[in-house]
Engineer: 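I'd like to ask some things about the structure below.
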Protein chains: 2
Amino acid sequence: MTPFLYAVPVLGIFALGYTWLRAGWVTRQAAGDERMQTIAGYIADGAIAFLRAEYRVLALFALIASVFLGYLGFTGERSSPIIIIAFLIGAVFSATAGFIGMKIATKANVRTAQAARTSLSQALNVSFSGGSVMGMGVAGLAVLGLGALFIVFYQLFVVRLGGSASGVEMEKALEVLTGFSLGAESIALFARVGGGIYTKAADVGADLVGKVEAGIPEDDPRNPATIADNVGDNVGDVAGMGADLFGSYVATILATMVLGREVRLGTSDAFGGLSPILLPMAIAGLGIVASLVGILAVRVKEGGSVQAALNLGNNVSIVVSGLFSYLLIKWMLPAGDITVRGYTFDANHVFYAVLVGLAVGFLMSTITEYYTAMGKRPVMSIVQQSSTGHATTVIGGLAVGMESTVLPILVLAAGIVLSFEAAGLYGVAIAAAGMMATTAMQLAIDAFGPIADNAGGIAEMSELPKEVRERTDILDAVGNTTAATGKGFAIASAALTSLALFAAFMGTAHISTIDISNARVLAGLFVGAMIPFIFSALAISAVGRAAMAMVQEVRRQFREIPGIMEGTGRPEYEKCVAISTQAAIREMVLPGAIALLTPILIGFAFGPEVLGGTLAGVTVSGVLMAMFQSNAGGAWDNAKKSFEKGVMVNGKMEFKGSDAHKASVTGDTVGDPFKDTSGPSMNILIKLMSIVSLVIAPHIARPGGEQGMAPATTRERLVLPQPRVQLVQQAAPAAAEAILLTALRQLQ
Amino acid sequence: MTPFLYAVPVLGIFALGYTWLRAGWVTRQAAGDERMQTIAGYIADGAIAFLRAEYRVLALFALIASVFLGYLGFTGERSSPIIIIAFLIGAVFSATAGFIGMKIATKANVRTAQAARTSLSQALNVSFSGGSVMGMGVAGLAVLGLGALFIVFYQLFVVRLGGSASGVEMEKALEVLTGFSLGAESIALFARVGGGIYTKAADVGADLVGKVEAGIPEDDPRNPATIADNVGDNVGDVAGMGADLFGSYVATILATMVLGREVRLGTSDAFGGLSPILLPMAIAGLGIVASLVGILAVRVKEGGSVQAALNLGNNVSIVVSGLFSYLLIKWMLPAGDITVRGYTFDANHVFYAVLVGLAVGFLMSTITEYYTAMGKRPVMSIVQQSSTGHATTVIGGLAVGMESTVLPILVLAAGIVLSFEAAGLYGVAIAAAGMMATTAMQLAIDAFGPIADNAGGIAEMSELPKEVRERTDILDAVGNTTAATGKGFAIASAALTSLALFAAFMGTAHISTIDISNARVLAGLFVGAMIPFIFSALAISAVGRAAMAMVQEVRRQFREIPGIMEGTGRPEYEKCVAISTQAAIREMVLPGAIALLTPILIGFAFGPEVLGGTLAGVTVSGVLMAMFQSNAGGAWDNAKKSFEKGVMVNGKMEFKGSDAHKASVTGDTVGDPFKDTSGPSMNILIKLMSIVSLVIAPHIARPGGEQGMAPATTRERLVLPQPRVQLVQQAAPAAAEAILLTALRQLQ
């Protein structure tokens, strides 16, 4: 075994070392006066309370999933019950990543507020350090987990049995490793959906009673839901986004490894023939170093541009990571022909695929920013339509959201074709891996936003001087932009990851074509494309219901607690936190079940081709719905913010409080669940369904050889496969019906 | 040649005879007093003015399209310039169908108002007779056109050259016949999109100034936009829906005929081997008779249920048509094995496919009604959410719209699988044909709604006694329900029609698989799925812009015309009519160009497989977006109507004028362009792109034999095809760029 194998987990440990040191530095910063610490304490307690409740439910889920995985593991020839261990480690690592992010965010928020008393540069330093702890923590855990487990499984399944780098033994090792990704993505689903419901229930509930009915400002400590609102920023934007990208990062590397097994290097035997499998892990590992270089480059002077500083850091990390990738590819891959599934290319082409991935990530982020940025044409068109009322504001935002799908889809389509042209299906996967290499940096930027937002909230609630709030507002505004670009990046990564997983699924399921002129595949495509719609409907309705419960609780407190409006009676913050927590936990179950069970039911009942059609449908429609909802929501948000800053409409300036501004608030409220609950959930939905499919692939595989079977005739294709797990097949229709009925009842 | 061939056009002439007689009867009914006739005259003039302007533009379009078709016809081996004639006849017939519908609707409306002075039964008789004129006119023109042209082309291309029923000669005859469908569907596109923009610009514009600003009721003659609003009902709901179903009806029959050529009947030689080709025309022809039986069954006594009478008529026509289909299938098809593309079945299975089609149509209509009906759970959930304001009303409707896709998609998926299991791809097509057999009846019911709506408007504007308005309101309420079920039926028909065309396209393009694991096909799937989003964005924005122009004109008239508010000054209705007309004509061009040019560009640049992927994407996403938008719009509309009738919210009755009602008006206004412009346009979009693909299929076909080529290896599949029309290929990227830039500029 090549000693180079050990370099990967070592890089993970290196990242975790940075995380530990930097977290210590943040903790040592001044945490402000007593009032600030009290408020920050409420937020931190609320966040931990949510995580505790969530992890309790997830432990139960992990137990059930383990039983299922164990059943599959014991019955399949190409699988092993050891997948349970990989799954549990993946789940625990993902939960840990979320925990680290939440912990540091709830420490960095108050310290950022305190630092903002001194200078903008200090405040940026603290908040961005908090973000970088999260980013490096996520990347470190992912690389450590994958790298270490791969060493173990390689020893266990390949070396011990004398298998080869491309044989069935390796297939089994990678199949077991898939469990790590499944664990990570499952936790991500619940974190994203649950967190999304939590944060918007609190936000909408706090606004509807506080701002609209009682007429008190945002983040006012008299509002009982204000702590829940600030907890929500951490739960949704920090832990949710972190888990999302942790999942994408792991899934991308894994899918590329699975495809790497099918790569043939001609006569070369470098790295024991393992190089195509090791390459994605190596790129991710050195991506950590590249991210660190970028993170260290982020510096701003008082009065300087925070956005420019972040952009510089991001660009540095992308360039360095591209350079590292080039060196790795040239070093690890041989000079001659490389083939995968009959498609031939060379090492240079693999690097071109990395470049395609970097370009797709950059373009999709940029386009997303354009469609949601203040002052640009899309947001200004909504601002314009706000002057004729609520309905036209909503119509305008919906149109912007729909339009915003055009360019990203063209970029994505071009990216798929070009990366495939470069290096076949391995190229598509490696493009995703290249794009995700700087995840640590990306996440540092993403997490900085909600920390700054929270810092502003604490400054407001603690009645800090005006210049403090001004500094945190500058950071917050930059945070809104980075949130938009981060969403574009997350969608791009989810799309490419799903495609990579899709390709890996086909190989593992031994199918070489998925023909949409086959009636069953076409039906699968329709059903798959429908799933993002029902998933969104469930998520949006959940927010609506939870927000209503919050509204009633806040009204009750205003009515019953004496002196609450005068600031002498203390609101019962923890009751509101409990409402959001319970609603989020309860409402995340059904969408989660749909995402997890649909591929299992369809795969076992109708076979891998139909499941492939379903995955294609989910991915296409999920990506579109993600962009439509996220961008519409982002554009509405900034249309509202335009009025708060003052904006020219039909030749006259309009400000906060005007009728047009009120209409824009309606748009923003409609957009809230779009952009923070249902929209981002789409990413996880499409990835998770692909991973589940990859996990069950050996169990629903077509009989036949390594390289997939020849396409059957129409008649044959119609015959149901005879899956090994008859039990599941018989149970499938009944279970499908039960889920459907429950879903419909839930919606009532 | 079998004499039975002539029966088909004769049945078409029979339907047109009914149309002529019944139209005469309607015209002879009393048209009311002078004031009523004056108002009806304005509406009729406005409608004709729109049609005239529209047809002028369409004549230009037809000229350009003819040049393109001629070029293709002269250069292709399997095509002929005679397709131009078929195309022009199709366009003229579609335009004529729209003209007949509009003429009779603008006569029946005032006569219905007059008849409502006597009794409900009389009013139903007149309005439904008007609808039946439209329905039988559409069906008659379609069957006459297709039947007669088939006879001509069969003589010209097959009999004259001694070809066989299944040979290339017949392929050419059917290819030329495709022109008829292309002509019909092109006109339908512009009628649906243009009509949809017209009607909603007038509606939203009239409401925003009239109801909201000036505080005068709907249909008030003092509102300058009120005539345009009533014209819009005819232009959008009558002519648009008529052209839509005319297009589906023709395309379904045609696609089944194209597939019928590939059906092998073993040793049987009945009908000169033509029976699988003739069967869909025969089913459509006898469907006219079945519809007539149903139409004659519609009768209601004073105080009776109008809905029950219409349901009875509809059910009668469906049952009779099913019976006729059974007899035709048993008579025309042999008893032994039948095969299509290697899939074997028998005559009984063809009938099962018809039953599947009837069931799909019925279920999709029923589900649509459930999701948009007053008092049912989905609408009541929106009513509930109206009590917390504009934003929650909008969120509620969006969630209902998304949720409403679930059951119809499951029905559709089951329909695809079952009809394919029954009789292969021919089964999918014949299911669509069976479903569309009763189009005449369906359209009679659809067209009755807007006639009743208009009658109510005329009664209001002419200040007729209260009981007249009460009777027209009863008819109008039923019309709202039939509009919802009609939309469900139209979506189902568009989906099945597109799939039938898709199958026909693959045969004509000589490809036997469309593999989504091919990177280019997958990219095509993504791009295709994006098109309904940009199309919707364009349609919605167009309504917004046109409505703003209308608002300014109405405001100007209120300001400048003396005595307008006192009813002494006459509003300049014709100016508002002109604004809606011009906006509709101008704004329909770009979406139309996208629908028509996308398949041409992709087909010639990337070949038939990628185009197939694109079509699959458009169809899947188009069906979902159609249901999402139409049902959300319908549900919002009825939530608003619930308040107008009075509804229980949180234990207390809420009425018109309450805050909750105002919120529901916002929902309704958001839903207007959804349900009457962008939503229904999706139907045409998906059909038209499939038809265009079918027309160009011989020109981008894979070289090789009849039954399609074997799937190429990955490498080969990536090589660009070498299409015959190099010019188009070179021009494609430039044209694509130009369209995209224009689209983006348009949106600014």
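Excluded from the calculations below are hydrogen atoms, water molecules and symmetry mates; all remaining heavy atoms, backbone and side chain alike, are included. So you know, we letter chains A, B, ... as the sequences are listed, proteins then strands, and number each from 1.
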Engineer: What part of A:Phe502 gets within 4.5 angstrom of chain B, counting heavy atoms only: side chain, backbone, both, or neither?
Structural biologist: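 Looking at A:Phe502, just its side chain touches chain B.
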Engineer: Which atoms of A:Leu525 come close to chain B, meaning under 4.5 Å heavy atom to heavy atom: side chain ones, backbone ones, both, or neither?
Structural biologist: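 Answer is both: backbone and side chain atoms of A:Leu525 are under 4.5 Å from chain B.
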Engineer: If you count heavy-atom pairs under 4.5 Å between each of A:Ile416, A:Thr669, A:Ile409 and chain B, which one has the most?
Structural biologist: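 Between A:Ile416, A:Thr669, A:Ile409, the count favours A:Ile409.
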Engineer: Heavy-atom distance under 4.5 Å to chain A: side chain of B:Ile514, backbone, both or neither?
Structural biologist: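 Contact with chain A: backbone and side chain both.
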Engineer: Side chain, backbone, both or neither: which part of A:Val623 has a non-hydrogen atom closer than 4.5 Å to chain B?
Structural biologist: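 For A:Val623, the contact with chain B is made by the side chain alone.
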Engineer: Checking heavy atoms, do the side chain of B:Gln629, its backbone, both or neither come under 4.5 Å from chain A?
Structural biologist: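 The side chain, not the backbone.
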Engineer: Under a 4.5 Å heavy-atom cut-off, does chain A meet the side chain of B:Pro532, its backbone, both or neither?
Structural biologist: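 No part of it gets close to chain A.
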Engineer: Quick check on the 6.0 Å ring-centre criterion: do B:Phe420 and B:Tyr343 meet it?
Structural biologist: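 Yes, close enough.
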Engineer: Given a strict heavy-atom distance threshold of 4.5 Å, which part of A:Pro408 is in contact with chain B: side chain, backbone, both, or neither?
Structural biologist: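 It is neither, since no heavy atom gets under 4.5 Å.
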Engineer: Is it the side chain or the backbone of B:Met506 that comes within 4.5 Å of chain A heavy atoms, both, or neither?
Structural biologist: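 Side chain of B:Met506 only, per the 4.5 Å heavy-atom cut-off to chain A.
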Engineer: Let me know which of A:Phe674, A:Phe533, A:Tyr371 forms a ring-ring contact (aromatic ring centres under 6.0 Å, His included) with A:Phe628.
Structural biologist: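 It is A:Phe674, the one option of A:Phe674, A:Phe533, A:Tyr371 that forms the ring-ring contact (aromatic ring centres under 6.0 Å, His included) with A:Phe628.
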Engineer: Just so I understand: if I count every heavy-atom pair under 4.5 Å between each of A:Ser419, A:Ser621, A:Ala547, A:Ala523 and chain B, which residue has the most?
Structural biologist: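 Heavy-atom pair counts peak at A:Ala523.
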Engineer: For A:Met627, is it the side chain, the backbone, both or neither that has a heavy atom under 4.5 Å from a heavy atom of chain B?
Structural biologist: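 For A:Met627, there is no contact with chain B at all, as no heavy atom is under 4.5 Å.
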Engineer: Would you mind checking which part of A:Ile531 comes under 4.5 Å of any heavy atom in chain B, side chain (CB onward), backbone (N, CA, C, O), both or neither?
Structural biologist: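 For A:Ile531, neither part sits under 4.5 Å from chain B.
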